Amino acid sequence: MAEQAFVSDLKSYSAWRRQLIQYITQLESWLSTQSLSDALTDQTFANLKTRLSGDRLVVAFVAEFSRGKSELINALFFAQYGQRLLPSSAGRTTMCPTELLYQEDQPPALYLLPVETRREKTSIADHKKNLAAWTRIPLDHASPHVISETLKHLSEVKYVPLSVAQEYGFFSTDEDAVSVMNDERNVEIPSWRHAILNFPHPILQQGLVILDTPGLNAIGVEPELTFSLLPGAHSVLYILAADAGVTKTDLAIWSEHLAAEDMRNNHMVVLNKIDGLWDDLKTRDQIQQEINKQVEETARVLDVPPSQIFALSAQKGLLAKIHQDQHLLERSALLKLEDALANRMLPSRRKLVANATGADLYMMVNAVRDRLDTREDALHEQLRQLSLLRGKNQSVIAAAFERSGQEKEHFEQNLARYSALRHILTNQINILLDAINVDTLKQNTTRTHAALTEAKRTVNARALIDHFFTVTQDDLSSAEKQANEIFNMICGVTRKFAEDVKLRAVEPQSFSFARYQREIKRLQSAHEARFDALWGRSKTVKLPSMQRFFEAIVTRARYIYEVANRDAESWLKSVLVPLEVKMHERHQQLRKHQESARQIALANSEIEQHAGLIKEQLEALKTQQIGFDAFVRQIDRSL
């Protein structure tokens, strides 16, 4: 059976990233040998290679239990093992959020975070940075049967007193716990809070991350799913049962976690188990009409285009792949979903990565071109001045030497003025970076945590978290104001400097914090929806669960601050370093020109010799420009 489109395209995408890294590495080496690199280019190359090599493609699977989610993952990605890899049976199987990925620096294993860690305020993201709290089960990845047995740990549950379960964030009311209570009046909860399977499977080695989420209850008690993991996914597959359509709990998951306007374009809705509608007493056309009717009704209820809905049978698709049954595979309609993943998600991701890579790369490319242009302008100016001195008497040549000294002195006066302005710029930059520093967020977080501890009423807790968001938006607004002031100042300095010392003026790029403000706004909207769903009818504060809820918000906010800070620092380098590099280049050329003028003033016969040397330098510079353009064209084609 031919390799599925998604797997094939994912391999191509991974190969494209590797090729891009190779081209960037070659350009980095070439610039270094040509003495054209500096701190900015070195940092840009390091950032680009880290970003490209660490790029991950995250596909999240979301469903209420018994919708066939684990079966769909098996059918899409693991059918070649000839058996089910993830546990898939009637009832609840995967009891905690699970990430399937591959990290080369960690041994193959199943990492399980005990549910008891929910007593702490530590987020899952922070636990990932330190694996000490995790239970590690080594993985024999050569044996599908052993892998399958190992993954049965994902289904493990335990019974605890209701008060303990509520301390962990489960069961907001006693009535919710009745259905999972045993004879000893203890309630069933998952044994694990989160799981990570580090597995050297070929498709995971290409950078795919599969996020398997349990049902509504588990999503509700782990707010990091809502605030960080699901919004961070590049595609979300929402699975429903074709025979039941959109049930009340299905609609609750959709409305509370997936229906945000800025997220839903990444969603694909799967109507699974269409084989339950296969009826020997109906014709194929009648069956298809019934399936089409369910698709239309689902599209109406969820308010999405029918083109985002895929009716299929994961179980029949898995069976067909295992038995190499092409006819059954086509009837299962699994291939349509695989094609959609390949044709929608991968091109979109490649475009985003190419745009982000290109934006950083072309800033560096323009800086290098600017440096080469500055050198070329200076050499042509020296050549022009030498041509004016041919046949002149010694006094004219001496005057030219004096002018070169005056020009250098004038330039150094401008440098001194820039140094004074640089001090003012540095203060502005510090204000900008302080506004979006993680320490600034930490202060806001500490104040809110302390106030939450004292809050008695739910409405007060809600107001405190709302104020946290007000402060974060104020931080970003302050940073936006500072960025505009810095930009205007640099534009003025660049133009003035270009006029005074005869440099080409290059308008710097502006920078906006609008993207990070939108992310905070989206996080705030998610908080409001989840807070109302969890505690909208409660008057008294549920302190431990609210603190965990707030910590999940902080985890996402911290990530937004870190990205904003990193991007702002990159921007500041991109607007300041090229100007300073241009100044340095000009200063070096003026020193060389003054030295040449001094030698010519001593001996008129030196004019032709110096002119010859400058022409050689221009030829070498032209060769550099041709070589550089060849590298850029190569990267252009790849992007």
Side-chain angles (χ1 to χ4, degrees), residues 1-17 56-63 67-81 85 100 201-204 206-212 233-240 242 258 263-275 277-278 284 287-288 291-292 294-296 298-299 302 304-354:
M1 196 172 289
E3 185 175 63
Q4 68 187 77
F6 177 72
V7 174
S8 176
D9 286 9
L10 182 62
K11 288 179 179 178
S12 297
Y13 171 72
S14 183
W16 170 75
R17 285 190 295 113
R56 294 288 184 268
L57 197 67
V58 182
V59 182
F61 290 75
V62 181
R67 300 297 188 264
K69 174 170 45 64
S70 297
E71 191 81 322
L72 181 60
I73 296 173
N74 285 326
L76 284 171
F77 305 119
F78 304 124
Q80 72 271 31
Y81 288 104
L85 213 61
L100 289 77
H201 183 278
I203 199 169
L204 302 180
Q206 304 296 332
L208 182 70
V209 177
I210 300 167
L211 174 61
D212 184 7
H234 302 108
S235 188
V236 175
L237 272 63
Y238 182 51
I239 299 97
L240 307 168
L258 304 174
M263 289 175 59
R264 62 169 63 198
N265 290 337
N266 295 333
H267 299 346
M268 299 180 191
V269 179
V270 175
L271 275 177
N272 193 21
K273 304 185 180 182
I274 61 169
D275 51 301
L277 303 177
W278 295 353
R284 287 282 183 92
I287 294 170
Q288 191 58 50
I291 293 171
N292 292 343
Q294 282 289 61
V295 168
E296 291 169 6
T298 301
L302 300 183
V304 296
S307 59
Q308 281 184 236
I309 299 176
F310 298 85
L312 55 82
S313 170
Q315 192 270 336
K316 298 303 180 189
L318 176 62
L319 186 68
K321 286 185 174 182
I322 290 173
H323 294 299
Q324 302 281 301
D325 187 336
Q326 188 65 35
H327 174 73
L328 181 60
L329 181 60
E330 290 173 2
R331 193 177 182 200
S332 75
L334 184 67
L335 294 177
K336 292 180 181 178
L337 177 61
E338 292 178 353
D339 289 343
L341 282 170
N343 297 329
R344 296 184 189 185
M345 183 174 66
L346 287 171
S348 173
R349 182 60 184 165
R350 176 165 172 161
K351 183 177 179 180
L352 284 173
V353 171

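Just so it is clear, the model here is predicted, and its values are computed rather than measured.
Closest approach of D325 and L328 over heavy atoms only: OD1-N, 3.0 Å. Contact between I239 and A63 at its shortest, heavy atoms only, is O-CB, 3.4 Å. Here the shortest heavy-atom pairing between L76 and L334 reads CD2-CD1, 3.9 Å. Taking every heavy atom of both residues into account, N343 and P347 meet most closely at O-CG, 3.3 Å. I274 and S332 make their closest contact through CD1-O, 4.1 Å (heavy atoms, listed as atom of the first residue, atom of the second, distance). Contact between L341 and S235 at its shortest, heavy atoms only, is CD2-OG, 4.3 Å.
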**OP:** Apply the test ring pair (Phe, Tyr, Trp, His ring centres under 6.0 Å) to residues H201 and F77: give CA-CA distance (whole Å), side-chain angles for both, the deciding distance (0.1 Å), then the verdict.
**Re:** CA-CA 10 Å; H201 183 278; F77 305 119; 8.3 Å; no

**OP:** Evaluate side chain to side chain contact (heavy atoms under 4.5 Å, CB included) for Q206 paired with Y13, printing each intermediate quantity in order.
**Re:** CA-CA 8 Å; Q206 304 296 332; Y13 171 72; over 6 Å; no

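Counting heavy atoms from C-beta outward, L335 and Q326 have side chains that approach closer than 4.5 Å. Here the side chains of L240 and N272 are not in contact, with every heavy-atom distance at 4.5 Å or above.
Atoms CG and CG, on L337 and L271 in that order, are 11.5 Å from each other to the nearest 0.5 Å. Taking CD of Q288 as the reference point, atom CG of L277 lies at 10.0 Å (rounded to 0.5 Å). With rounding to the nearest 0.5 Å, the separation of OH in Y81 from CG in N74 is 11.0 Å. One distance of note links CD1 of I210 with CG of L204; it measures 5.5 Å at 0.5 Å rounding. To the nearest 0.5 Å, atoms CD1 (I73) and CG (L318) are separated by 12.0 Å. Atom NZ of K316 is separated from atom CG of L329 by 13.0 Å, given to the nearest 0.5 angstrom.
Under the side-chain hydrogen bond (donor to acceptor under 3.5 Å, both in side chains) criterion, D212 pairs with K69, T94, sequence neighbours left out. T298 meets the side-chain hydrogen bond (donor to acceptor under 3.5 Å, both in side chains) test with no other residue; sequence neighbours excluded.
With Y238 as the fixed residue, the side-chain contact (heavy atoms from CB on, under 4.5 Å) test singles out one of V62, I309, V304: V62.
Using modelled atom types and a 3.5 Å distance limit, the side chains of N292 and E296 yield no donor-acceptor pair.
A donor-acceptor pair under 3.5 Å is absent between the side-chain atoms of S14 and the main chain of K11, judged by distance alone. Looking at R331, its side chain never comes within 3.5 Å of a backbone N or O of D275 through a donor-acceptor pair. With hydrogens and angles ignored, the 3.5 Å screen pairs no side-chain donor or acceptor of E71 with any backbone N or O of Q315. Here the side chain of Q308 pairs a donor or acceptor atom with the backbone of H267 at under 3.5 angstrom.
Here salt bridge (charged side-chain N to carboxylate O under 4.0 Å, His left out) pairs that include residues 335-352, with residues two or more places apart or in two chains, are D55-R349, K321-E338.
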